[in-house]
Enquirer: 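Pasting in a structure now, in C-alpha cells, and then I'll have a few things to ask.
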There are 2 protein chains.
Amino acid sequence: MLTHPQIEHCPLFRDLSTEDRAYALTYFDSKTRTYEKGDFLHQVSFPLQRFGLVLSGSVQVYMDDIDGHHIIMAHVEPGGLFGESYAFLGIDAPIYICAVSEAEILWMSPHRIKAPVSPVSQLDQELSNRFVACLASRTLQMNQRIQILSRNTLRTKLITFLSQYATEKGDSFTIPFDRASMAAYLGSDRSALSRELSRMQAEGILTYHRNHFRILK
Amino acid sequence: MLTHPQIEHCPLFRDLSTEDRAYALTYFDSKTRTYEKGDFLHQVSFPLQRFGLVLSGSVQVYMDDIDGHHIIMAHVEPGGLFGESYAFLGIDAPIYICAVSEAEILWMSPHRIKAPVSPVSQLDQELSNRFVACLASRTLQMNQRIQILSRNTLRTKLITFLSQYATEKGDSFTIPFDRASMAAYLGSDRSALSRELSRMQAEGILTYHRNHFRILK
DNA sequence: AAAAGTCCGTTGCTTTTGCAACGGACTTTT
DNA sequence: AAAAGTCCGTTGCAAAAGCAACGGACTTTT
C-alpha cells in the first residue's frame, strides 16, 4: 500500500517521507482489504471501528430515509476518505458502503487521536492535526452539497453542481455518476434530469456525452 | 459566562466541574461579546479566527450562492456552536453570521488543539477530544439536512423535516424558523410551503400555528 | 390611535417536475 | 450470433411547485 500513488492525494499522507508514511500506517493501525464490485464494505447500524481510504477503485456511501429510499451520501475515489466521523465517535453508522468497482481499501483507526500514547512526537501531533483537518474539510464539502440541494429548481441545481466541478477542474470534466446516481445526488428524477440537460444543450449552455461535460457559456 | 446555564447544553462544557470549566475557558482563550438584533457577527470572506458558542439569543449562518441567493446554513440556539470547521482550518469563511435576536456569544480559539502546550494534561486531552467530537457531530447534523433536501417533493421534504423534530422532541414542538426561513431551509418557496402545510392539515396529518407544530398521524 | 411593518395564508397562472413507459445504443453473457 | 442486461434520451400526462400579488392578523413605531 505504500506504493500506491493515490495515497499522495490523500491529505492524511501527502508530502510525508517514506519513513514517516510507514509510521503513519502504524499510527492509524492500518489494514488493507480488497472488495469485488458490488460488495458491501459496511452494513447499516453496525459501529464503524475504522474509517476507510480508497486506494483503488471507488465506493459509494448510502443512507436510507424514513420511507426506505436510498440516498447517495458520497462517491469516493482513490485518495478519498469515508466514515471518519462515525469512526471517531464510535457510534452505529446508519449508512451502507458499497464498492462501485473492484476496490482496495485502507482501513484506519482514529484510536490514537483520542488516546495519544506519550510521548507524543511532532509527527504524532501532525497526523492528529491532519485527521481533524479532514473532519473539518468534510463539513465544507457537505456545505457544497447543501448549496446544490438548496436551490429550488432543477436547472439551478444543475448549474450549481456543474459550476462547482468547473471551478475545480476547468470547463471540461468527467463526473463519477451515471444519470440515475446524478439525479439522486441532485435530489431529482432521472428523466427530468435528462430532459433538463437536453434543454441546456439545445440552448448552447453546454455539451455532454454520458458523464463527460463541457461548459460553453 | 460561567453562570450561563446554557453552557451545560454544549457538549464542550457539559458535566465539567466549576474549576475545570474555568480552565476550559482559558484553554479556548475565550472572549464574550454581545450583539444587537440584526448585527453581523462575521462577514463573507474574512478568516474566522475563533468559533462561537451562543450563550443567549440566537444566530443564523448564511452563504451566498453563485447567483447571489441567500442560503441558510444553520440556525444556532443557546448552547450551539458555529464556525468550528473554518476556525480550525484557519481559512476564509464564505459565510456570514447574523444575530436573529440580541445575542451573547462566547468566542473561542481552537489554537491549543492544533498546537498543544506540554505537558498535556488529561483535561487538555479531554477538551481536545470534545472539540473533535463536535466537528464529527457536525457532519452527522449535516447528513440530516441532506436527507431532507435530497427528497424530491416538498411533501416528502416536509415529512422528513418534521419527523426529525418529532424523533427528537416528541409530537409537539416549536421550530426556530419563520415561514420564509423554513422554506429556504427546505429549498423551496414560501407560498408553496404554506400551501402544502394547509393541505397536510386538511388531511389530518398535523396541526400547526405559526412555528408550532403537532404531529397527529 | 394612526401608521408602518411583519408574517403568513390564499389564489391564479404558468412552468417545472415526477412518473411511467418505450425504444435505441451499447455491453456482457451464454 | 442471439439473448439479456444496462444506460440513457424522449415523450405524454398529471401533479407539483415557482412566482407574483393581495389581504388579513398582529406587532411595533411614531
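Just so we're on the same page: letters track the sequence lines, and every chain starts at 1.
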Enquirer: Are T153(B) and dA15(D) close enough that a side-chain N or O sits under 4.0 Å from OP1 or OP2?
Expert: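 For dA15(D), OP1/OP2 do not have a side-chain N/O of T153(B) under 4.0 Å.
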Enquirer: For the pair made of CG in L193(B) and P in dG9(C), what is the distance, rounded to whole Å?
Expert: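 For the pair L193(B) CG and dG9(C) P, the rounded distance is 8 Å.
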Enquirer: Using atom CZ of R199(A) as one end and atom C1' of dG9(D) as the other, report the distance to the nearest whole Å.
Expert: 13 Å
Enquirer: Regarding R151(B), tell me which of base, sugar-phosphate or nothing describes its non-hydrogen contacts under 4.0 Å with the strands shown.
Expert: nothing
Enquirer: Give the rounded distance in Å between these two atoms: CG of N152(B) and C1' of dG18(C).
Expert: 7 Å
Enquirer: Counting only heavy atoms from other residues, nucleotides and ligands, does the tally under 6.0 Å from CZ of R214(A) exceed 12?
Expert: no
Enquirer: What base-paired stems does DNA chain C take part in, with at least 3 consecutive Watson-Crick or G-U wobble pairs and both distances under 3.5 Å?
Expert: C:1-30 with D:1-30
Enquirer: I'd like to check the ring pair (Phe, Tyr, Trp, His ring centres under 6.0 Å) partners of F40(B); sequence neighbours left out, ordered by chain and number.
Expert: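 Scan of F40(B) (ring pair (Phe, Tyr, Trp, His ring centres under 6.0 Å), adjacent residues dropped) gives none.
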Enquirer: Mind calculating the distance between CG (L158(B)) and P (dA16(D)) to the nearest angstrom?
Expert: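 Taking atom P of dA16(D) as the reference, CG of L158(B) is at 13 Å.
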Enquirer: Rounded off to whole Å, could you give me the CZ-to-P distance for the R179(A) and dT6(D) pair?
Expert: 18 Å
Enquirer: Only one of T160(B), L162(B), L158(B) clears side-chain contact (heavy atoms from CB on, under 4.5 Å) with I148(B); which?
Expert: T160(B)
Enquirer: What is the distance, to the nearest angstrom, from the CG atom on L197(A) to the P atom on dG9(D)?
Expert: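 That distance rounds to 7 Å.
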Enquirer: Under 6.0 Å between ring centres: does that hold for F213(B) and Y165(B)?
Expert: no
Enquirer: I need the NZ-P distance between K37(B) and dT27(D), as an integer number of Å.
Expert: 13 Å
Enquirer: Do any of residues 184-192 of chain A sit with a heavy atom less than 4.0 Å from DNA chain D, and if so which?
Expert: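 Nucleic-acid contacts, sorted: R190(A), S191(A).
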Enquirer: Please check if the number of heavy atoms outside H75(A) that lie under 6.0 Å from its NE2 is greater than 12.
Expert: yes
Enquirer: Testing the basics here: between F177(B) and N211(B), what is the closest heavy-atom pair and its distance to 0.1 Å?
Expert: O-CB, 3.5 Å
Enquirer: Please report, rounded to the nearest Å, how far the C1' atom of dT10(D) is from the CD atom of Q201(A).
Expert: 14 Å
Enquirer: Looking only at side-chain atoms of L154(B), point me to the closest of dT10(D), dG18(C), dA17(D).
Expert: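 When the side chain of L154(B) is considered, dA17(D) is the closest of dT10(D), dG18(C), dA17(D).
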Enquirer: Are more than 12 heavy atoms from other residues, nucleotides or ligands located less than 6.0 Å from atom CZ of R33(A)?
Expert: no
Enquirer: Mind checking whether W107(A) and F82(A) have parallel, tilted or perpendicular rings, split at 30° and 60°?
Expert: perpendicular
Enquirer: Testing V54(A), L81(A), L55(A) for side-chain contact (heavy atoms from CB on, under 4.5 Å) with C10(A), which one passes?
Expert: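 Testing each of V54(A), L81(A), L55(A) against C10(A), the sole residue satisfying side-chain contact (heavy atoms from CB on, under 4.5 Å) is L81(A).
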Enquirer: Which residue pairs pass the salt bridge (Lys or Arg N to Asp or Glu O under 4.0 Å) test with at least one member in residues 75-90 of chain A, sequence neighbours excluded?
Expert: E84(A)-R138(A)
Enquirer: What pairs of residues pass the salt bridge (Lys or Arg N to Asp or Glu O under 4.0 Å) test when at least one of them lies in residues 187-198 of chain A, not counting sequence neighbours?
Expert: R155(A)-E196(A), E196(A)-R199(A)
Enquirer: From the set dT17(C), dC8(D), dC13(C), return the single nucleotide nearest to any side-chain atom of R195(A).
Expert: dT17(C)
Enquirer: Under 4.0 Å, heavy atoms only, any strand: does S198(B) hit a base, just the sugar-phosphate, or nothing?
Expert: sugar-phosphate
Enquirer: Given side chains that start at C-beta, do those of N143(A) and M142(B) come closer than 4.5 Å, heavy atoms only?
Expert: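 A side-chain contact under 4.5 Å exists here.
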Enquirer: Using a strict heavy-atom distance below 4.0 Å, which residues from residues 207-217 of chain A are in contact with DNA chain D?
Expert: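 Listed by number, they are Y208(A), R210(A).
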